[in-house]
Amino acid sequence: MTVQDSRCAPGELGRGSPAAEPAALAAPLDLTDLSRRRNAPGRRAGLRRIRWLLRGLVPAALLIAWQWSTSAGLVPPTTLASPKSVLEAARDLIADGELQTALRVSAGRALTGLVIGAGIGVAAGLVAGLWKLGEELVDSTLQMLRTVPFIALIPLFVVWFGIGDTPKIVLIAVACIFPVYLNTFAGVRGVDRRLIEVGRVFGLSRTRMITRLVLPNALPSVLVGIRYAMGISLLALVAAEQINASSGLGALVMNASNQIRTDIVIVGVVVYALLGLLVDLIVRLLERLLLPWRPTIVKS
Amino acid sequence: MAADDREVLTMTNPVGTNPVGTNPVGTNPAPAQPAVVMRDVGKAFAARRILDDFALTIARGEFVALLGRSGSGKTTLLRILAELDTVDEGTVLAPRNRSVVFQEPRLVPSERVWRNVLLVLPRRESTLARAQEALAEVNLADHARAWPHTLSGGEAQRVALARALVHRPDLLLLDEPFAALDALTRLRPQALVHELWHRHRPAVLLVTHDVDEALRLADRVVVLTDGKVGLDLRVDLPRPSEGTGSRFDDLRSQLLAELGVARPASPA
């Protein structure tokens, strides 16, 4: 069987006669050896083997410097507590349950705020993304409000909602709306036009078009928004708790700060960081559960 | 371009008696029965006239290949018949029950292969068995539960073909469906398209730039030139054609000449 490319008639690709070529072929050819690099042994592979060791080197050095400078008396404990005393403080706080209670209260605030904010963000993003009228009504308003730094709202929320949990949750919710909204809107609008054409060709109803084509394919973007929002919810949590908090991680840290207990302050900071890690883990889990069809997730 | 002289009509089941989905081979009604009628069709993008007083009729069950230089409006013509583009003027009649296979597979990435195949069908008819039946026709029955991104280009395009045929369309529109496949990979799906067309007998409009492909598969090859039918050739070859022989070469040269690709080596 012959396979011919019909776009190009035979003879058109002028195959020059051999006699015309020698001049070009006479010049010396500079060949470079490409095989050598591929098989290059040693240095890189060696580096890769001790990669984890290398990565841990600087943090370990910093930790040692920290311990040494504090225990040698170069830095007074009121400025920076030693790693050892931070660990002890953590142990004590866990032993009397204070840390767990504070963590539960704070995580509860962050989660409640996040759920409310993300819910509003997704809803607004869908309304603006799916309906032209919705976009006109919602988008410009939210884009305008987005420019307000949410921390600037704290004093107002204190006046409106007092000093309990409410102003903190509202602040976190407000902060979470925008990343979720923006990514939901972009996700809905970013669904491949060619897929929408498939829906039109096959005469799908608007409802089926939305549920089978638009929403599932906007979901990755929505999750990106939620991931951002989770980070921001922690930021808002810290900001909100440093003002007028009577319970939670923020209260623990602020009290310790007033008593110049830097060991407890550092415990608080570390716990905030661990919360951030946990949040990231949750998002990854969500992505794995909700997006089984994405190539990256299948491979990992 | 006034909206008044624009007319796009949709015809359900031109025979009126034949229930949709059953059009057994052999009991084919009068071959003159049209599945597609285009008359006086005009279409312009900005100042460029893509279709100019264009007319084309495709009979029921007829396999028509549409050739044309790139930019000649082949795809626009197909998109008009798919109701993805509108005409500026003229009459277009096409069966309501029709399907498209695009240049790319365009599978829904978030749904497994079998769900993709059932996209066209109402929910009550959407069963795994139905999908598997359609997938078996394109030799992909064991891929029913796969995700689209795990398929090769050729496999994905075959799924798109199964999806396009699952509801037994009266008109199948193929927009260079094999263009993304290499010349060797193309041969099998071409044979498959011919086989499925033979079995279900939809009217087919195959847009392609491959003269050999057109001649191998189609009853009729139409060349779109300057917005009109430049050449309308009936392919009187046994099918699926081997792609060889003097008659084949003769038709091939006629088409290449109409496309402006001269057979003999062009003067330097």
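Lettering of chains follows the sequences in order, A, B, ..., and the numbering in each one begins at 1.
Only the backbone of B/L121 has a heavy atom closer than 4.5 Å to any heavy atom of chain A. In this structure, the portion of B/R79 lying under 4.5 Å from any heavy atom of chain A is its side chain and not its backbone. Interface remark: B/L259 contributes no atoms to any contact with chain A (heavy atom separation under 4.5 Å). Heavy-atom distances place the side chain of A/R200, and not its backbone, under 4.5 Å from chain B.
Residues B/V120 and A/V201 are not in side-chain contact: their nearest non-hydrogen atoms beyond the backbone lie 4.5 Å or more apart.
In this structure, CD on B/E111 lies 8.5 Å from CG on A/N217, to the nearest 0.5 angstrom. Remark: A/E197 CD to B/D85 CG distance equals 8.0 Å, nearest 0.5 Å.
Within a 6.0 Å sphere centred on CZ of B/R247, heavy atoms belonging to other residues, nucleotides or ligands number more than 12. Atom CZ of A/R189 has more than 12 heavy atoms from other residues, nucleotides or ligands within 6.0 Å.
Counting all heavy atoms, side chain and backbone alike, A/R208 lies closest to B/L119 at NH1-O, 3.5 Å. The two residues A/V198 and B/R106 have their closest heavy-atom pair at CG2-CB, 3.6 Å. Pairing each heavy atom of B/S110 with each of A/R212, the nearest pair is OG-O, 4.2 Å. Across every non-hydrogen atom of A/W293 and B/H149, the tightest pair is O-ND1, 3.0 Å. Contact detail for B/S99 and A/F202: the closest heavy-atom pair is OG-CE2, 3.3 Å.
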